[in-house]
Number of protein chains: 2
Amino acid sequence: MSLIPIRPGAQPGAGPAAGPAAESERRDAARNRELLLCAAREIVGESGADALTMDLLARRAGVGKGTVFRRFGSRAGLMMALLSGAEAEFQSRFMFGPPPIGPGAPALDRLVAVGAARVSWILEFGELARAADASAHNRFDVPAAVLWHRHLEMLLREAGVTADPWLMASALAATLEPELLLHAVGVHGIDPERLAESWRELVTRVVAGA
Amino acid sequence: MSLIPIRPGAQPGAGPAAGPAAESERRDAARNRELLLCAAREIVGESGADALTMDLLARRAGVGKGTVFRRFGSRAGLMMALLSGAEAEFQSRFMFGPPPIGPGAPALDRLVAVGAARVSWILEFGELARAADASAHNRFDVPAAVLWHRHLEMLLREAGVTADPWLMASALAATLEPELLLHAVGVHGIDPERLAESWRELVTRVVAGA
DNA sequence: TAGCTAAACGGACTGCGGTCCGTTTGTATT
DNA sequence: AATACAAACGGACCGCAGTCCGTTTAGCTA
C-alpha cells in the first residue's frame, strides 16, 4: 500500500495563472476565482484597466490580497485571465474559422485577413492586452504569443517565404503589437482602416519577394 | 526698471531629463549630476541595469533621493541620460556619416546599413535602452525615437515607397525594438548576423514593391 | 560684506506589485 | 462523526518608483 496519499484530481504542474479551472479546484478556490474575475471586470468596465490595482481588486472581491496572487500569479496573469475568452475566440477564428481568415484561402489572403482582424481585436481589447504585456518578463513566451507567432510563420512558409520565416514572423508580429497600434490610434489619431491597409501592403510585399 | 528679476541663464522650458546641462546650471547641481551619472555607470557596470534602483543610486552618489528625481525626472529619464552619448553618436553616424549608412548611397543601401548598425548598437546598449523604454508612458514620442522614425520614413520615401511611409516606418522600427532583439538573441540564441540578414530581406522586399 | 531670492536639497511619505507565513477550511478517509 | 492534511486564506510586510515640503545654499545685488 502506498504510504504517500495523493489527492485524486491534483495537478501540481498546472500552476497558477492558467486558464479557467485547473481540473479539480477546491470549491472555495473556484468561488473566489469567479468573485475576483467578476470584480475585475467591474473595475475595468468602470474605470479602465489602469485603475485596477491588486489591493482594490482584493477589497472589492472581499478576499485577501494573497488570494489574488495565489489565483493569478501576478497582475499580468490576471489581465491574461480577463482576456482569455476573447483571445481563445480570436485564435479559433484564424485556426478553424471560415476563409479568408481560416483555412481554405490562399496564404497571402489569410495573412491579410488575419492582420485586419488583429487590428480590430486590439482596438477592442488592446487596453487589457497592453496591461498584460506590461511588466511581463516573458511576454513573448506566453502560450497565446507563441501560438500567434507560429501561425504567422506557418502562413509565411505556405506563401513561399523561405528566408528565415521564424524571424520574419517575429518582425510581422512586432508590427501588430498592442502598444504600437494603440499609440498610433490614440496619440496620432491614425484611422484603423489605414493600419489594416498598411499591413496589407507590408505583408503583400514580403510575400511577393519570395 | 523691471520689478521682476530674471536669472540670466534661466531656461525654465528645458525641464529635467534633458541632455547634458541645460545651459546655466547652478554649480552644486552640475556637480551632483556628474556624481550621479558616474555612480550610475558604476552600478550598471558592476551589476547591470536592472540592479540600478533610485535609492541605491542616491546612496552611492551621496545625495538625497529627491535630487535624483529632480535631475532626471524618472528612472527612464536617467537611463536615457546614460544612453545619450551612444545615442548621439549613432544618430550622427546615420545622418552625417560616410556611406553606405550616411548620405551618398542609394536609399535601399542606407536602409540595409542602418538596420545592421542598429542591431549591433542594441547588442551593445540594449539593456539600457530596454530599461529606458520600460515604464515610459511615451517611449515613442521621446526625441531620439522621433528622429529615428523620421529618418526611416525619409529613406522609405527616397526609395520610392509611396504607400503610407509613416506607418511603414513605424512597422520597420517596431522590428528593431530593443526588447524584441534582445529576446531573440538572449532567449532564442539567434545569431545577430541573422537579424541583420533578416532585416535586409524585409526592407528589400518592402522597397521592391514600390 | 550683508542680504535676498530662486533654486537645489534631502528624506519622510505614499501607492503599488509582490512575498511570507501563521491560521483556517475543504475534503478524503476511517 | 472524528481525524488528518494538503490546500487555500489573509493581511502584515518588503522593495521600489515617484512625490512633497520644510530647509539649505549658490550667487546676484547693493
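Just so we're on the same page: letters track the sequence lines, and every chain starts at 1. Every heavy atom of this structure was used, including side-chain atoms; hydrogens, water molecules and symmetry mates were not.
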Original post:
Taking for each residue the nucleotide of DNA chain D bearing the nearest heavy atom, is the 5' side occupied by A/G62 or by B/T53?
Top reply: A/G62

Original post:
Nearest-Å distance, CZ (A/F72) to C1' (D/dA8)?
Top reply: 14 Å

Original post:
A/R27 or B/T67: which one's nearest nucleotide on DNA chain C is closer to the 5' end?
Top reply: B/T67

Original post:
If you look only at pairs with a residue in residues 31-50 of chain B, which of them pass as a ring-ring contact (aromatic ring centres under 6.0 Å, His included), with sequence neighbours excluded?
Top reply: none

Subject >> Summary of salt bridge (charged side-chain N to carboxylate O under 4.0 Å, His left out) pairs that have at least one residue in residues 40-53 of chain A, sequence neighbours excluded >> reply: A/E42-A/R60, A/E46-A/R60

**OP:** State whether A/R71 places a side-chain N or O below 4.0 Å from either non-bridging phosphate oxygen (OP1 or OP2) of D/dA8.
**Re:** yes

Between the protein and nucleotides 18-21 of chain D, list every N/O to N/O distance that falls short of 3.5 Å.
| residue | atom | partner | partner atom | Å |
| --- | --- | --- | --- | --- |
| D/dG18 | OP2 | B/R75 | N | 2.8 |
| D/dG18 | N7 | B/K65 | NZ | 3.2 |
| D/dG18 | O6 | B/K65 | NZ | 2.7 |

**OP:** Classify the side chain of B/R26 versus the base of C/dA8 as yes if they form a donor-acceptor pair under 3.5 Å and no if they do not.
**Re:** no

**OP:** Check side-chain hydrogen bond (donor to acceptor under 3.5 Å, both in side chains) between A/E87 and all other residues, then give those that pass, not counting sequence neighbours.
**Re:** none

Original post:
salt bridge (charged side-chain N to carboxylate O under 4.0 Å, His left out): which pairs involve residues 118-137 of chain A, sequence neighbours left out?
Top reply: none

Original post:
Quick one: B/D28 CG to C/dT5 P, roughly how many Å, whole number?
Top reply: 19 Å

**OP:** Quick one: list whatever passes ring-ring contact (aromatic ring centres under 6.0 Å, His included) with A/H183, sequence neighbours left out.
**Re:** A/H188, B/F140

Original post:
Any idea which heavy atoms bring B/G115 and B/L176 closest together, and the distance?
Top reply: CA-CD1, 4.1 Å

Subject >> Heavy-atom donor-acceptor pair, A/T204 side chain to A/R200 backbone, under 3.5 Å >> reply: yes

Subject >> Nearest-angstrom distance from the residue atom CG of A/L57 to C1' of C/dC16 >> reply: 14 Å

Subject >> Rounded interatomic separation in angstrom, taking CG from A/L36 and C1' from D/dA8 >> reply: 13 Å

Subject >> Gap between atoms CG and P, on B/N32 and D/dT24 respectively (whole Å) >> reply: 17 Å

**OP:** Mind checking side-chain hydrogen bond (donor to acceptor under 3.5 Å, both in side chains) for B/N32 and listing every partner two or more places apart, or none if nothing turns up?
**Re:** none

Original post:
Where along residues 38-49 of chain A does a heavy atom fall under 4.0 Å from DNA chain C?
Top reply: none

Under 3.5 Å, which donor-acceptor pairs do the side chains of residues 145-158 of chain A form with other protein atoms, sequence neighbours left out?
| residue | atom | partner | partner atom | Å |
| --- | --- | --- | --- | --- |
| A/H149 | NE2 | A/W166 | O | 3.1 |
| A/H149 | NE2 | A/S170 | N | 3.4 |
| A/H149 | NE2 | A/S170 | OG | 3.0 |
| A/E153 | OE2 | A/R157 | NH2 | 2.8 |

